[in-house]
Amino acid sequence: MIPVRDSAHTGCFFIRTFGCQMNVHDSEHIAGVLVDSGYSRAASIEEASVVIFNTCCVRQGAEDRVWGNLSMLAADRDSKRIVAICGCMAQRHGVEIFRRFPIVRLVFGLDALARLPELLESSRGAPICDLGDVNAARIDELSAIRKSGLAAWVPISHGCDNMCAYCVVPSVRGAERSREPGDILSEIATLTDGGVLEVTLLGQNVNTYGRDLGGEENFAWLLQAVGSAEGMRRVKFETSHPRDLGDDILKVMAEADAACEYLHLPVQSGSNRVLEAMNRGYTREYYMERASRARKAIGGVALSTDIIVGFPGETQKDFEDTLDLVKTVRFDAAYMFLYSPREGTSAFGLEDDVPLDEKRMRFAELEFVQSEITRESLGKIVGSDVEVLVEGVAKDGRHIMGRTRDHRVVVLPADEAQEDTLVRAVVCGAGGHSLRGSVKEVIIGPDEATNRHEVQG
Ligand code: SAH
Ligand code: SF4
């Protein structure tokens with residue numbers, strides 16, 4: 001049970017974010033809108049008078065975590081707290097959420113974000129569902145409160161025009177809409193003026209940026225332009241669709257100093273049969289050519305991927321093709337998922353015919369193979385110097401952590417580095433997923449970074 005403390009009704013909010021970086025960034029805008037209208041941030045869910053779950057529905061597990069969180073809040077029947085749901089589950093389930101959890105007072109879509117303060121007030125009277133039009137959502141112009149002073153996420157497009165057979169994203173986030181280049185670049189200029197050194201450009205498929213704008217500007221152009229912004233030190237981006245990863249993008253990655261040596265390139269499967277059934281639009285041979293072209297073009301690039309295990313019809317042979325691709329490409333990191341059927345996707349009509357035990361066995365085997373490759377990749381860095389943007393407390397709560405240009409996690413002794421700084425560290429050891437380092441030099445210290453911790457912009 002989570003009791004509401006005395007500070008309830010003084011207008012403090014708590015946002016819990018589930019899912020991808022796009023959601024994490026959307027939550028920065030939710031916080032910006034609420035602070036603009038006089039709310040303050042609560043230190044914990046217990047203290048909040050408004051609790052917002054910004055949700056994900058890409059896999060059933062992600063949804064179940066949200067339902068579980070709602071059950072916990074529902075146990076506190078006397079609470080006057082307003083519970084609001086937004087994000088992908090809001091778009092997908094709408095008013096159904098009220099039926100399942102009557103404690104929820106407000107279900108809203110990103111298109112309604114500008115109206116959030118009024119919606120919260122009105123929802124005290126009766127539950128409200130305001131999803132607006134997901135294709136019309138323009139949240140980039142709204143205020144944001146960013147956690148870090150040195151790193152920022154910047155969406156360059158919203159929605160997705162692909163129809164990967166397993167994926168619910170296009171139906172909850174709408175068609176691909178690229179932001180105007182001028183808007184992106186002026187946001188970048190504001191960020192770098194405020195001390196930001198690193199931006200991560202976000203989109204479901206960044207590589208098709210600009211296609212819907214009908215102008216000359218494409219992703220290679222944008223990457224070059226962002227990388228040339230005054231004060232910009234590191235530019236990362238995700239996600240790249242392999243089909244749309246042109247040589248022009250690799251060239252900018254290779255030549256622009258600020259473009260980081262990191263490429264997240266989801267393969268999803270190593271079997272041509274499964275790739276076709278997934279409607280991914282490339283073959284394993286094409287993927288491997290892109291991956292090796294990237295490795296050749298961009299010195300020291302770290303390559304990561306996503307893989308789905310147990311897609312409908314995946315045979316042992318298909319799975320072995322995936323294992324073989326993983327062993328050949330030797331990803332520096334990989335994120336693996338058990339296939340999760342999603343209503344509204346084209347694969348939902350296919351029989352989910354790989355038994356769960358079999359999916360789990362394949363997953364464990366793949367994870368084992370990849371973990372050795374990741375370990376070897378991390379091991380090669382031991383002894384070298386790396387530039388680390390220090391993000392905050394590490395998972396163990398005792399160390400501090402940050403990321404290298406190639407997106408590896410480096411764990412540092414807490415007394416050697418401070419959050420929101422840029423340091424040079426020597427890598428002393430490697431674990432299964434991260435590096436251990438020791439600070440050699442502070443490149444940008446706490447006093448030099450302006451607009452610390454909570455940057456409004
Ligand atoms: N636009 C990005 C992110 C999509 S969701 C991209 O194209 O990569 C992130 C990852 O979740 C996907 O890459 C995929 O590996 C995984 N995923 C998506 N739908 C899934 C499903 N139904 N079951 C299991 N994994 C899924
Ligand atoms: Fe989903 Fe495919 Fe679009 Fe990624 S590219 S969001 S996996 S439909």
Side-chain angles (χ1 to χ4, degrees), residues 18-26 55-65 87-89 91-92 134 153 155-178 200-209 211-212 219 236-245 263-271 274-282 287 290 303-314 322 325-326 331 333-354 356 359-360 362-363 366-367 370:
F18 301 81
C20 64
Q21 288 195 342
M22 192 66 99
N23 266 11
V24 176
H25 178 62
D26 291 345
T55 60
C56 168
C57 62
V58 85
R59 284 171 296 275
Q60 189 58 39
E63 284 207 18
D64 290 344
R65 272 192 293 285
C88 298
M89 278 173 77
Q91 301 292 158
R92 182 166 142 87
V134 73
W153 288 298
I156 60 167
S157 60
H158 296 279
C160 182
D161 277 350
N162 290 313
M163 284 189 294
C164 301
Y166 50 81
C167 184
V168 77
V169 170
S171 73
V172 290
R173 293 227 172 226
E176 183 170 286
R177 286 100 58 207
S178 300
T200 303
L201 306 177
L202 296 179
Q204 299 301 338
N205 178 11
V206 291
N207 296 343
T208 45
Y209 170 79
R211 215 175 254 187
D212 53 319
F219 183 60
K236 298 180 179 180
F237 55 86
E238 67 178 60
T239 300
S240 271
H241 193 301
R243 185 198 55 215
D244 304 312
L245 181 72
L263 181 61
H264 181 60
L265 197 63
V267 65
Q268 312 299 0
S269 170
S271 151
V274 175
L275 285 171
E276 195 180 344
M278 286 177 165
N279 195 27
R280 287 290 287 176
Y282 53 84
Y287 182 93
R290 287 290 84 191
L303 199 62
S304 67
T305 202
D306 291 346
I307 298 171
I308 298 177
V309 175
F311 186 76
E314 182 190 80
T322 299
L325 182 138
V326 163
F331 294 105
Y335 306 90
M336 288 159 265
F337 310 102
L338 292 181
Y339 171 68
S340 171
R342 305 279 71 201
E343 209 174 334
T345 63
S346 62
F348 195 69
L350 305 173
E351 192 190 343
D352 184 18
D353 56 356
V354 183
L356 188 58
K359 276 187 197 164
R360 288 200 173 126
R362 290 179 189 172
F363 186 95
L366 185 61
E367 199 175 36
Q370 179 58 41

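One-based numbering, in listed order, for ligands and for the atoms of each.
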Out of Arg280, Gln204, His264, whose heavy atom is nearest to atom 2 (C) of ligand 1?
Gln204
Measure from NZ or CZ of Arg342 to the centre of the six-membered ring of Tyr166, then state whether that distance is under 6.0 Å and the direction lies within 45° of the axis.
no
Salt bridge or not between Arg362 and Glu314? Use side-chain N to carboxylate O under 4.0 Å.
yes
Proximal atoms of ligand 1 relative to Val58 (non-hydrogen, under 4.0 Å):
5 (S), 18 (C), 19 (N), 20 (C), 21 (C), 22 (N)
Is Asn23 reaching over with its side chain to a backbone N or O of Phe18, donor-acceptor style, under 3.5 angstrom?
yes
At a 4.0 Å threshold, what atoms of ligand 1 neighbour a non-hydrogen atom of Arg342?
22 (N)
If only atom types and distance count, is the side chain of Arg243 paired as donor or acceptor with the main-chain N or O of Tyr287 below 3.5 Å?
no
Where on Met278 is there a heavy atom closer than 4.0 Å to ligand 2, on the side chain, on the backbone, on both, or on neither?
neither
For residues Phe237 and Phe219, establish whether the separation of their ring centroids is below 6.0 Å.
yes
Polar contact flag for Ser340 and ligand 1 (N/O pairs, less than 3.5 Å):
yes
Presence of salt bridge, Asp244 and Arg290, under 4.0 angstrom
no
Any side-chain heavy atom of Val267 within less than 4.5 Å of one from Phe331?
yes
In terms of atom number and element, which parts of ligand 1 are under 4.0 angstrom from non-hydrogen atoms of Leu338?
23 (N), 24 (C)
Arg360/Glu367 salt bridge by N-O under 4.0 Å criterion
no
Are Arg173 and Asp26 within salt-bridge range, i.e. N to O under 4.0 Å?
yes
Could you check which of Ile307, Asp306, Val309 puts a non-hydrogen atom nearest to atom 10 (C) of ligand 1?
Asp306
Of all protein heavy atoms, the one nearest atom 6 (C) of ligand 1 is Thr239 CG2, 3.7 Å
Can you tell me if Arg173 has a non-hydrogen atom under 4.0 Å from ligand 2?
no
With no hydrogens and no angle check, is any side-chain donor or acceptor of Thr322 less than 3.5 Å from a backbone partner on Gly270?
yes
Just to be sure I understand the site: which N, O or S atoms from the protein are less than 2.8 Å away from atom 1 (Fe) of ligand 2?
Cys167 SG
Of all residues at least two apart in sequence or in a different chain, which pass the salt bridge (charged side-chain N to carboxylate O under 4.0 Å, His left out) check with Asp306?
none
For atom 11 (O) of ligand 1, which candidate among Met278, His241, Arg59, Met22 provides the closest heavy atom?
Arg59
Would Gln268 count as a polar contact of ligand 1, with the cut-off being nitrogen or oxygen pairs under 3.5 Å?
yes
Show me which atoms of ligand 1 lie under 4.0 Å from any heavy atom of Pro266.
8 (O)
Ligand 1 contact on Tyr166 by region, counting heavy-atom pairs under 4.0 Å:
both
Do any N or O atoms from the side chain of Ser269 and from the backbone of Ser271 form a donor-acceptor pair under 3.5 angstrom?
yes
